[in-house]
Structures are given as C-alpha cells and as structure tokens.
Amino acid sequence: MEINDLTPAERRVWEAFPRGASVDFRTPDADTEAAEWGPERTVRASVLRTLLLTAPQEEGETAALKVAGARITGVLSLMYATIDHVVRLSHCRFEEAPKLHGAQLRQLNLRQSVLPGLASGNVRIDGILRLTDCRVHGPVRLDGAQISRALFLDGARLTAQDDAQPVLQLNQAAIGDDLWAPKLRVRGEVRMNGIHVAGSVNLEDAELSAHAGTALSAETLSVGTDVRARCLRTDGRLELRGARIPGRLDLLHARLSNPGGTALRASSCAIRELWLSNGDRIEGSLNLRRAQIDLLTLDPEMLPDEVFLSGLTYTMLTPNEPAEHRLPMLDRDGGGYLPSGYEQLSAAYRRIGDDNAARLVQLAKQRRHRATLAWYARIWGHVQDATVGYGFRPLRAAGWLLSLLAVGSIAYGVHPPHPLKASEAPPFNPVFYTLDLLLPVIDFGQERAFSPTDWYQGLSYVLIITGWILATTIVTGVTRTVSRQ
C-alpha cells in the first residue's frame, strides 16, 4: 500500500505508528456510542493490517499501534499472523468483527470500543487482553485462547443476536493471571468449559441473562485461587459441574434465578470454601451432588424448594444455625431419603461440640427413614419414637416407667392380689410387685408369689408387655448410639 493512497486520518495513524505515538480522533464532547463518525476519523482495516504486518520502523523508537476514537471499516484480519507490537484500539467503532483466529500478539487493548463481534479462537497474547467497557453486539469467540497475563472484561456489555449461539466463548482457554469481569453485563450464554485461570475469576456485581437457558457454563473450570461472584445476578442456569476452586466460591448477596430449572449446579466440584448467604432466595433448584467442600457457608433463607445433595461432603457448616433450621434442607432433597445427608449434618454439629443438635438430626433421620418402611415396620418405629426417641431420648423411658410404676402401685395397693401360698408368700409390696412386672431381668420375688384376679390380671399383662417393649427399645437405642460413636 502506497502512502499516497491514504486519507488524512489514515496518514496520521501511519506516521504515528513507527514512533509508538497515540492518535486520538475523539472530540471533547463525543463518546463511542453517540459521536459522529465522518471521514475525518475513519480508518480502513486494511491500512491497520498493512501497518502491523510490514511494521515500518524508526531508529530509536518502539513501534506501536495506538488509536482512539476511530471508525474502522472493513475486516481487520490478522489470522495466523505474528504481531510483535502493542495494539491499542480504544474507543473505536468497528464496522466488521475483527478476525484474529490463530494470531500471536504482544498485547491487545480494545477498551470502550464498539464491535459487532470478535473472532479470536486459539489466539495467543503474550500480555493482556483488555475488553474493558466494550459494547459487543455479536459473539465473542476466544476458544482455546492463550493469554499470558490477564483478561479484562470489566464493565463490558455483550449481547447475542442469535440465541442459539453463546455470546462469549472461552472453552479450553488458558489465562496466566486473572479473569477480571466485575460489572460485566451479558445477554446470552457465557460458555467457558475447561478454562484454566492461574489467578482468580472476578464476577462481582455481574449480570448474566440467558432467558431461562444457561447463563454461565463453566464445567471443569480450574482456578488458582478464588471465584469472586459477590452480588452476581443470573437469569438462567449457573453451571459449575466439576470445577476445581482451591480458594473460595463467593456468592454472597447473589441473586440466582432459573424458575422451573436448575439455578446453580456445582456437582462433582472440589471447593475449599463455598459462601452462599445474605442473598435472595434461589429461584430454581440447587445441585451440590458429589461436591467436596471444606467450609460450607449456607444461609437457610436462600435455599430453594428443591435441592440435590446426594454424595455432598463438607467439613464445617456455617453459620451455626439450630438443627430445626437446617433439617428442612434435607427434607427438600429431590433424590428422596438419603441417610448420608443426615450423617453429614450430624457430624458437622459434633465437630463444634453441639451434641444435642447432632442427636436431633439423627432422630430426624430415623423418622424420615420410617416413612420408607412397610406398615408393620412403621408401627415398631412409632413405638421406639414414642418411648425413647429411637434411643436419643432415654429420659422418656424413665418417664414411662415411673408413670406405669405409679399406676401399678396405686392399683395393687388398693386391691392387693391374692398370695399363691399364704404360708410361703413374703409380705406384699405394691411398688416392688409392679417393678417385678415391668422389669423382665429383675426378680424381687413378688410376681411369682401373688396372683391378681379380674381386670387386675389384665393390668399385669399390660405391664409385662409394656416392660418388655421399653426394655427392648432402650437396648436398641443405646446400642445404636454406642455403635455410632
């Protein structure tokens, strides 16, 4: 391309490039969205491509493309090219989506630019990629991208024109530092399956909307530290299956919504700390199946009507809520009765020394299990529950025994039974006679020496049967408790 073929605007860019000087076409009262884009600020993409590929040099200077506020016409195609210069095209308006597939760049800055899309699959950037405050009205494809430092999407606005295609694709990308995207606004699906981020992912105050589809798909996401998503708002599924997060997944004050579907799926994840509290009630189901979490901070008020917790393991559960506030979570499990959920919750209470709460959870487990049994087994379960609370309410047995002892002592004290052999019978004692009937393993010599008649004989049968039931349930409950500990 000859320099005589350039427009005045293009000549400014051409002459500034060898010196790395900036060319700013903006006027003081103009912005990227509303400015007039006349020929005085229009640059052809082919001119930029020629500059970057031919790289005119000036001795003692570092060449760089630094343009602000330009209207770029045509397709900026750098596919499979190697560019050793900084490229900064900020506050620009692109008429066509740049094509950077397979390119190798030193650094790319498109801050506050407007684009119809960005095709950059398998691009390699040795520095940072900055899309801060960009307005993109089409797909951004960064699949397989290798970015040595950070990717900036903070304040960007991405809108899909075709709902069938993700608006942002970062599948299998590798980022050497942080993925920085606070206040990101997306209308469409964000897909970053298999992405590796050496630093952290920041989605604080981001808004991801996919109209009941998948708002964010980040299966097998791998990060070096944290995923910070405080005040995140999603309309659609948040998919994190198989993610590896050695720090924290921070969803404090988040608003997750996908009515009729899954709002958050973090199954098969390994997360050191999951913070899910102080936010709106989740609309949609919560799936934490097979997840491994060291510290689970879970606000009962955020839990939806349906959860999936099969195989979930956690070491600590905060905040320290009463067992009555935690148990509804297990009742809502869409997988039905799962003993492991109760065991996990009970173990969490025991770790902090709250044995009473742990017993309440175990009692709730037995009651929930009872509902799955046949009718005759449920009867025996009700007996154990009413008498000793499945072994977790041992004082109940003492209360029953004392009540029956009082009834028997009064009844037989008013109407003593006749001795079988008057000459051999010991003096009658209604209290010890009743104890003989109630306690099957103790013999005070009263029961075999006296024989009641009429309805008092029926009462003796009731006391004997009741005593055996109480003894059996006490032994069963104590055995269950001791074996668990």
Side-chain angles (χ1 to χ4, degrees), residues 192-197 200-201 203 208 214-230 232 234 236-252 254 256-258 261-279 281-321 325-352 361 365:
M192 51 177 69
N193 297 325
I195 189 174
H196 175 75
V197 181
S200 63
V201 175
L203 289 168
L208 312 177
T214 299
L216 171 61
S217 179
E219 295 186 19
T220 65
L221 161 74
S222 175
V223 301
T225 54
D226 305 323
V227 175
R228 300 199 291 270
R230 192 168 294 194
L232 173 69
T234 61
R237 177 196 293 250
L238 178 56
E239 178 65 73
L240 297 173
R241 180 176 57 178
R244 296 294 180 267
I245 304 173
R248 71 179 184 271
L249 172 56
D250 185 348
L251 289 167
L252 294 178
L256 310 179
S257 177
N258 189 26
T262 301
L264 171 59
R265 183 179 184 183
S267 58
S268 303
C269 288
I271 304 172
R272 184 176 180 181
E273 298 181 13
L274 171 55
W275 298 359
L276 191 60
S277 65
N278 299 326
R281 190 169 187 265
I282 296 174
E283 297 181 19
S285 63
L286 171 64
N287 189 335
L288 297 176
R289 285 175 170 169
R290 301 176 302 280
Q292 299 177 19
I293 303 170
D294 288 342
L295 173 62
L296 177 58
T297 300
L298 187 59
D299 187 347
E301 300 301 322
M302 285 189 68
L303 287 174
D305 291 333
E306 186 176 48
V307 297
F308 296 92
L309 306 175
S310 173
L312 168 66
T313 59
Y314 51 86
T315 303
M316 298 293 293
L317 179 63
T318 59
N320 185 20
E321 297 279 347
H325 293 177
R326 294 293 186 187
L327 287 171
M329 170 180 69
L330 304 178
D331 294 335
R332 300 172 191 172
D333 198 311
Y337 166 66
L338 297 171
S340 59
Y342 292 89
E343 292 295 337
Q344 279 289 311
L345 183 56
S346 179
Y349 279 119
R350 284 199 297 270
R351 288 189 189 98
I352 62 175
V361 174
K365 171 190 170 184

For the backbone of T315 and the side chain of R351, can you confirm whether one donor and one acceptor N or O come within less than 3.5 Å of each other?
yes
Ignoring hydrogens and angles, state whether a donor on the side chain of R244 or S222 is under 3.5 Å from an acceptor on the partner side chain.
no
Looking at side-chain heavy atoms only, is the closest gap between L298 and M329 below 4.5 Å?
yes
If you define the side chain from C-beta out and look only at heavy atoms, does anything of R326 sit under 4.5 Å from P300?
yes
Do other residues, nucleotides or ligands put more than 12 heavy atoms under 6.0 Å from R272 CZ?
no
Can you find a pair of side-chain heavy atoms, one from D226 and one from E273, that are under 4.5 Å apart?
no
Residue pair R228, D250: steps toward the salt bridge (charged side-chain N to carboxylate O under 4.0 Å, His left out) verdict:
CA-CA 5 Å; R228 300 199 291 270; D250 185 348; over 6 Å; no
Scanning both residues in full, the closest heavy-atom pair of A291 with A266 reads CB-O, 3.5 Å
Might you point out which heavy atoms bring Q344 and L312 nearest each other, and give the distance in Å?
CG-O, 3.4 Å
Atom pair CG/CG of L252 and N278 - distance to nearest 0.5 Å
6.0 Å
Could you tell me whether the side chain of R241 reaches within less than 4.5 Å of the side chain of S267, counting heavy atoms only?
yes
Out of I293, V201, V227, L276, which residue meets the side-chain contact (heavy atoms from CB on, under 4.5 Å) rule with L249?
V227
Report the C-alpha distance between I352 and M316 in whole Å, list the side-chain angles of each, state the deciding distance to 0.1 Å, and finish with yes or no for side chain to side chain contact (heavy atoms under 4.5 Å, CB included).
CA-CA 9 Å; I352 62 175; M316 298 293 293; 3.8 Å; yes
So CG of L203 and CZ of R230: to nearest 0.5 Å the spacing works out to 13.5 Å
With a 4.5 Å heavy-atom cut-off, do V197 and S200 have their side chains touching?
no
Could you please spell out the steps behind the side chain to side chain contact (heavy atoms under 4.5 Å, CB included) verdict for T234 and S257?
CA-CA 6 Å; T234 61; S257 177; 5.6 Å; no
Going from OG1 on T262 to CG on L256, what distance comes out if it is rounded to the nearest 0.5 angstrom?
12.0 Å
Evaluate the criterion salt bridge (charged side-chain N to carboxylate O under 4.0 Å, His left out) for residue pair R281 and D305; output intermediate values, then yes/no.
CA-CA 10 Å; R281 190 169 187 265; D305 291 333; 2.4 Å; yes
Mind checking the CG-CE spacing from L286 to M302? Nearest 0.5 Å is all I need.
9.0 Å
Hey, are the side chains of Y342 and L327 touching, using non-hydrogen atoms and a 4.5 Å cut-off?
yes
Side-chain contact, heavy-atom cut-off 4.5 Å: L317 with L345?
yes
Kindly indicate whether the side chain of L288, heavy atoms from C-beta on, has any atom under 4.5 Å from the side chain of V307.
no
Side chain to side chain contact (heavy atoms under 4.5 Å, CB included) between R332 and L303, intermediate numbers included:
CA-CA 9 Å; R332 300 172 191 172; L303 287 174; 3.4 Å; yes
Nearest atoms (heavy-atom pairs only) where A254 meets A229:
CB-O, 4.4 Å
